[in-house]
Visitor: 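Input: one structure, supplied below.
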Protein chains: 2
Amino acid sequence: MDEALIYQEIHSAIAGRRLQPGVRLVEDQLAETFGVNRMRIRSVLRTLAHDKVVTLHRNRGAVVAHPTVREAKEVFAARRLIEVALAPEIVRVADDESLARLRAHVREERRCESSNDRARELHASHGFHTLLAELVGNRVIIAFLRELMTRSSLITAAYERPDVSSCSHKAHGELIRFIAKRDSAGLAGAMLQHLQQIESDLILVERAEVVTDLRSIFARR
Amino acid sequence: MDEALIYQEIHSAIAGRRLQPGVRLVEDQLAETFGVNRMRIRSVLRTLAHDKVVTLHRNRGAVVAHPTVREAKEVFAARRLIEVALAPEIVRVADDESLARLRAHVREERRCESSNDRARELHASHGFHTLLAELVGNRVIIAFLRELMTRSSLITAAYERPDVSSCSHKAHGELIRFIAKRDSAGLAGAMLQHLQQIESDLILVERAEVVTDLRSIFARR
DNA sequence: GATCCCAAGATTGTTAACAATCAGATATCA
DNA sequence: TGATATCTGATTGTTAACAATCTTGGGATC
């Protein structure tokens with residue numbers, strides 16, 4: 001199995017919430033799972049760590065990254081900066097075909113939302129933001145935004161409210177309407193509001209480390 | 001020697017133009033140079049490749065990356081997008097101490113320019129742009145900008161005009177004046193112009209591969 | 001009953017040897 | 001001479017074994 005494929009596989013498992021923040025990634029297990037040598041896995045884990053998707057602890061292996069509150073805020077600030085700045089570019093390049101692609105994507109989002117699979121729903125929602133960058137076509141920006149979306153997935157997994165009610169496809173529909181009107185200022189404003197809404201749907205408060213040591217919990221009794 | 005240090009060392013050698021685009025990076029040589037096992041080097045080279053600082057060719061090793069013209073244009077477009085969007089943030093956070101740091105940096109740039117060491121001059125100039133991001137303090141943005149500056153170094157090394165006459169410290173002085181006036185629109189405009197100037201100082205035309213096979217050149221005679 | 005200590009097992013980190021591949025040199029033939 | 005095939009050395013890719021380190025569980029001690 002190719003190294004790039006293993007990277008993709010683990011990456012999408014994390015972005016798709018099949019691996020939650022904090023989960024340990026044991027080299028031997030992964031090596032056996034993908035039928036490759038342990039060295040391949042080590043190399044992939046290094047790369048993922050460089051992307052802030054996993055965290056490496058010396059002599060103690062890799063875990064799925066658990067973003068700090070500060071990191072979460074910085075990621076969202078970066079998204080606001082870049083995605084809002086992208087608005088004029090999007091309006092500039094968007095043609096009828098682009099609009100059709102965007103609308104098709106929102107329909108897909110609605111389907112995912114009604115499927116009651118939160119991970120799938122979020123994946124579709126994030127795909128919309130990446131798609132906007134893809135329309136502009138700058139691969140550097142696309143790569144940045146992909147990274148930010150992956151990290152957003154981790155952030156959501158770590159800090160999501162229990163009582164979520166996102167409906168981001170509605171916000172996305174509004175964005176499309178501004179693009180169709182070629183209103184870049186309106187698009188920028190709506191994008192800013194949308195991103196602020198997403199962030200405010202989180203509980204960005206540092207929690208105490210999840211205690212796995214049951215003994216210390218029940219010691220009092 | 002720590003792996004992070006080796007990464008830093010090679011990275012700064014490339015960013016500082018001591019290693020030109022296209023230069024081969026032989027694992028054994030690097031391993032001996034840094035007094036470590038070859039595996040360490042392999043791992044570092046993978047990471048550098050992921051950063052687009054080196055290019056890996058299967059079974060043929062690593063070379064210092066030689067950005068394409070398209071890549072160069074995309075990097076500059078990304079810089080315009082991000083650095084211009086950063087203007088309001090910079091004006092918002094900049095205090096007297098920030099201005100002092102910026103002015104000190106420009107003085108350093110002037111010294112470097114008079115030293116007639118083009119690599120050192122460029123390094124100082126790039127440092128100014130990174131410093132602006134550092135003032136804002138968002139580590140995600142700082143990382144993005146660092147990456148963009150490194151890639152800009154490679155682009156300059158590959159596509160610089162022979163008759164350079166940058167004087168970027170003058171443009172930087174102008175930026176500082178806008179910051180001092182708290183004029184974020186002016187800062188944004190000046191930044192855009194500055195970045196366009198830098199790009200137009202390059203010759204962004206794809207060249208034929210440098211021919212190392214002298215025989216094919218002199219075959220006609 | 002709580003705390004400390006130590007050993008065993010599990011896991012990661014490192015190394016050196018071997019295999020596969022490529023580039024350049026040499027040999028072969030028209 | 002020029003084109004093609006083959007060989008050789010250099011370099012990269014892979015593997016398995018070994019070393020170092022951490023975690024866990026049990027027992028000794030207070």
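Reminder, nothing fancy here: chain letters follow the sequence lines and each chain counts from 1. These values consider heavy atoms only, across backbone and side chains, with no hydrogens, waters or symmetry-generated copies.
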Visitor: Can you see if the side chain of B/Arg58 gets near the phosphate of D/dT14 - specifically, an N or O under 4.0 Å from OP1 or OP2?
Guide: yes
Visitor: Just how far, in rounded Å, is P of D/dT11 from CG of B/Leu56?
Guide: 17 Å
Visitor: What does B/Ile41 touch in the nucleic acid at a heavy-atom separation under 4.0 angstrom: a base, only the sugar-phosphate, or nothing?
Guide: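 No contact.
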Visitor: Within the supplied structure, the quantity of interest is the number of heavy atoms (other residues, nucleotides, ligands) at a distance under 6.0 Å from A/Arg161 CZ; does it exceed 12?
Guide: yes
Visitor: Please determine whether any donor N or O and acceptor N or O are separated by less than 3.5 Å between the side chain of B/Arg60 and the base of D/dG13.
Guide: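 Result: no qualifying N/O pair found.
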Visitor: In terms of heavy-atom contacts, does CD of A/Glu108 have more than 12 from other residues, nucleotides or ligands at under 6.0 Å?
Guide: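 Yes - once you tally the heavy atoms of other residues, nucleotides and ligands closer than 6.0 Å, there are more than 12.
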Visitor: Regarding B/Tyr7 and B/Asp51, do their side chains bring together a donor and an acceptor under 3.5 Å, going by distance alone?
Guide: yes
Visitor: Please report, rounded to the nearest Å, how far the P atom of D/dT11 is from the CG atom of B/Asn37.
Guide: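 To the nearest whole Å, that distance equals 17 Å.
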Visitor: How are the rings of A/His129 and A/His172 set to each other: parallel, tilted or perpendicular (split at 30° and 60°)?
Guide: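 A/His129 and A/His172: perpendicular rings.
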Visitor: Distance check needed: C/dA23 C1' versus B/Asn59 CG, whole Å only.
Guide: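 Roughly 12 Å, once rounded to whole Å.
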Visitor: Nearest whole angstrom, please: distance from the P of D/dG13 to the CD of A/Glu3.
Guide: 10 Å
Visitor: Tell me: CG of B/Leu45 to C1' of D/dT12, nearest whole Å?
Guide: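 Rounded to the whole Å, the gap is 11 Å.
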Visitor: Between A/Arg42 and C/dT12, does any side-chain N or O lie under 4.0 Å from OP1 or OP2?
Guide: no
Visitor: For B/Arg40, report the nucleic acid contact type (base, sugar-phosphate, nothing); a contact means any heavy atom under 4.0 Å.
Guide: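 The answer is sugar-phosphate, as B/Arg40 gets under 4.0 Å only of primed atoms, P, OP1 or OP2.
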Visitor: Relative to the 5' end of DNA chain D, which residue comes earlier, B/Gln29 or A/Arg38, by the nucleotide with the nearest heavy atom?
Guide: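 Its nucleotide being nearer the 5' end, the pick is B/Gln29.
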Visitor: In this structure, how many angstroms lie between the C1' atom of C/dC22 and the CD atom of B/Glu27, rounded?
Guide: 14 Å
Visitor: Without decimals, in angstroms, what is the distance between B/Asp2 CG and C/dT14 P?
Guide: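 In whole Å, C/dT14 P and B/Asp2 CG are 9 Å from each other.
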Visitor: Could you tell me how far apart B/Asp28 (CG) and D/dA10 (P) are, to the nearest whole angstrom?
Guide: 11 Å
Visitor: Could you tell me whether the side chain of B/Ser125 and the main chain of B/Glu121 form a donor-acceptor pair under 3.5 Å?
Guide: no
